[in-house]
Amino acid sequence: MLTLLKLLKDGRFHSGPALGVALGVSRSAVWKQLQHLEAELGLSIHKVRGRGYQLAAPLTLLDPVEIREQAPTCDWPVFVFDSLDSTNAEALRVIERGQAAPFLVLAERQTAGRGRRGRKWVSPFAENIYYSLVLRIEGGMRQLEGLSLVVGLAVMQALRELGVSGAGLKWPNDVLVGQKKIAGILLELVGDPADVCHVVLGVGINVNMQMTDEVDQQWTSMRLESGGVFDRNHLVAALGTTLQAYLSRHQVDGFSAIQAEWEQNHLWQGRAVSLIAGVNQIDGEVLGIDSQGALRLKVGGVEKVFSGGELSLRLRDDS
Ligand code: ATP
């Protein structure tokens, strides 16, 4: 099915017989595959008698060669998949198989893309990026401190470089434009953080997505923000470069060197929020973060510090 898509991705007309010859199948088999492409990948294909078949819009697929050319300093192997359950899940399997880190897993779509606490990340085919960069960390609890916040900053920076000037951060690790979510980050760790471990930096960015009814909170995409179509290979390259720069700063100087920059870009700095921890809710005002990336809230006139992967922030109506 994807071989057919690769023939059609130029957005031109291709006749049924020509596609049949290229694929080595009958015309009716071509027809069936076209129906699958529409049903399974949500693509729209024009069918015009006498001319053949044409994708409604040309498609650029992820290409490791192009990514490497545009980000020559990112010399990690890049594994691109047409479809995965989740790039983080695949990254964990690849670590298990003994692949040396760093390496990058990308997919055109995820059938079980994941967010925090088992929530779903909506991941349609060839519209967005689903990105998992694996790092090996040795004896470095310090290198894990504030790491997901550092990844957020790198994602925000890459988005701004490509023209999404309104991108900002929401603690702990969302990238928003205004109140709308444009990117999500999920770090997963295997091994012993006090000795040797691998950390998967999972990033989903909405790039060209224009429509979905599946996301149950306000969202946006680079295209919706700017009106233009983005080259996802270019974004992957830009993200690799910003991640490399922030990760090396974090490794050398620790999170405290990045704390002020993170706070400057925190969209909810000074806002009245509710911090949700399971069934518990704490109301307060955002003071900022500490040198380890934990959230500092003023609660009842007193500063309190919160950290942990199970916490969610919500703006209060009166904020
Ligand atoms: P919280 O708001 O509680 O901090 P979160 O926003 O950090 O949670 P994540 O676990 O990062 O949540 O992401 C999962 C949530 O993101 C989903 O529950 C859904 O609301 C939203 N979501 C899923 N897919 C997308 C997408 N493609 N774009 C934007 N938001 C999405």
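Numbering of ligands and ligand atoms starts at 1, following listing order.
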What residue and atom, counting heavy atoms only, is the protein's closest point to [atom], and at what distance?
atom	result
atom 24 (N) of ligand 1	Val122 N, 2.8 Å
atom 11 (O) of ligand 1	Lys181 NZ, 3.2 Å
atom 19 (C) of ligand 1	Asp216 OD1, 3.2 Å
atom 3 (O) of ligand 1	Ser312 OG, 2.4 Å
atom 28 (N) of ligand 1	Asn206 ND2, 2.8 Å
atom 4 (O) of ligand 1	Arg116 NH2, 2.8 Å
atom 23 (C) of ligand 1	Lys120 O, 3.2 Å
atom 21 (C) of ligand 1	Gln217 NE2, 3.4 Å

Any donor and acceptor pair, going by atom type alone, linking the side chain of [X] with main-chain N or O of [Y] inside 3.5 Å?
X	Y	result
Ser28	Ser26	no
Trp171	Gly293	yes
Arg232	Thr60	yes
Asn88	Glu188	no
Glu285	Leu297	no

Does only the side chain of [X] get under 4.0 Å from ligand 1, or the backbone, or both, or neither? Count heavy atoms.
X	answer
Glu214	neither
Ile276	neither
Asp174	side chain
Arg119	side chain
Val215	side chain

*Which is it for Ile95 and Val200 under the side chain to side chain contact (heavy atoms under 4.5 Å, CB included) test, yes or no, and what are the steps along the way?*
CA-CA 10 Å; Ile95 295 168; Val200 182; 4.0 Å; yes
*Counting each atom of ligand 1 from 1 as listed, which ones have a heavy atom of Arg314 under 4.0 Å away?*
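Within the 4.0 Å cut-off of Arg314, ligand 1 contributes 1 (P), 2 (O), 3 (O).
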*If you count the atoms of ligand 1 from 1 in the order shown, which ones are under 4.0 Å from a heavy atom of Trp219?*
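Result: 29 (C).
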*Would you indicate whether His14, at its atom NE2, is surrounded by more than 12 heavy atoms from other residues, nucleotides or ligands within a distance under 6.0 Å?*
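Enclosed.
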Going by heavy atoms, is [X] under 4.0 Å from ligand 1?
X	answer
Lys180	no
Gly184	no
Lys170	yes

*Could you give me the CA-CA distance, side-chain angles and deciding distance for Ser274 and Asp283, then say whether side-chain hydrogen bond (donor to acceptor under 3.5 Å, both in side chains) is met?*
CA-CA 4 Å; Ser274 298; Asp283 291 343; 2.7 Å; yes
*With Leu201, the side chain to side chain contact (heavy atoms under 4.5 Å, CB included) member among Val134, Leu147, Leu186, Val150*: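 Only match with Leu201 under side chain to side chain contact (heavy atoms under 4.5 Å, CB included): Leu147.
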*Quick one: does Leu34's side chain get under 4.5 Å of Leu8's, heavy atoms only?*
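Yes, their side chains come closer than 4.5 Å.
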*asked:* Quick check: closest heavy atoms across Arg223 and Val229, and the distance to 0.1 Å?
replied: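 That would be CZ-CG2, 3.5 Å.
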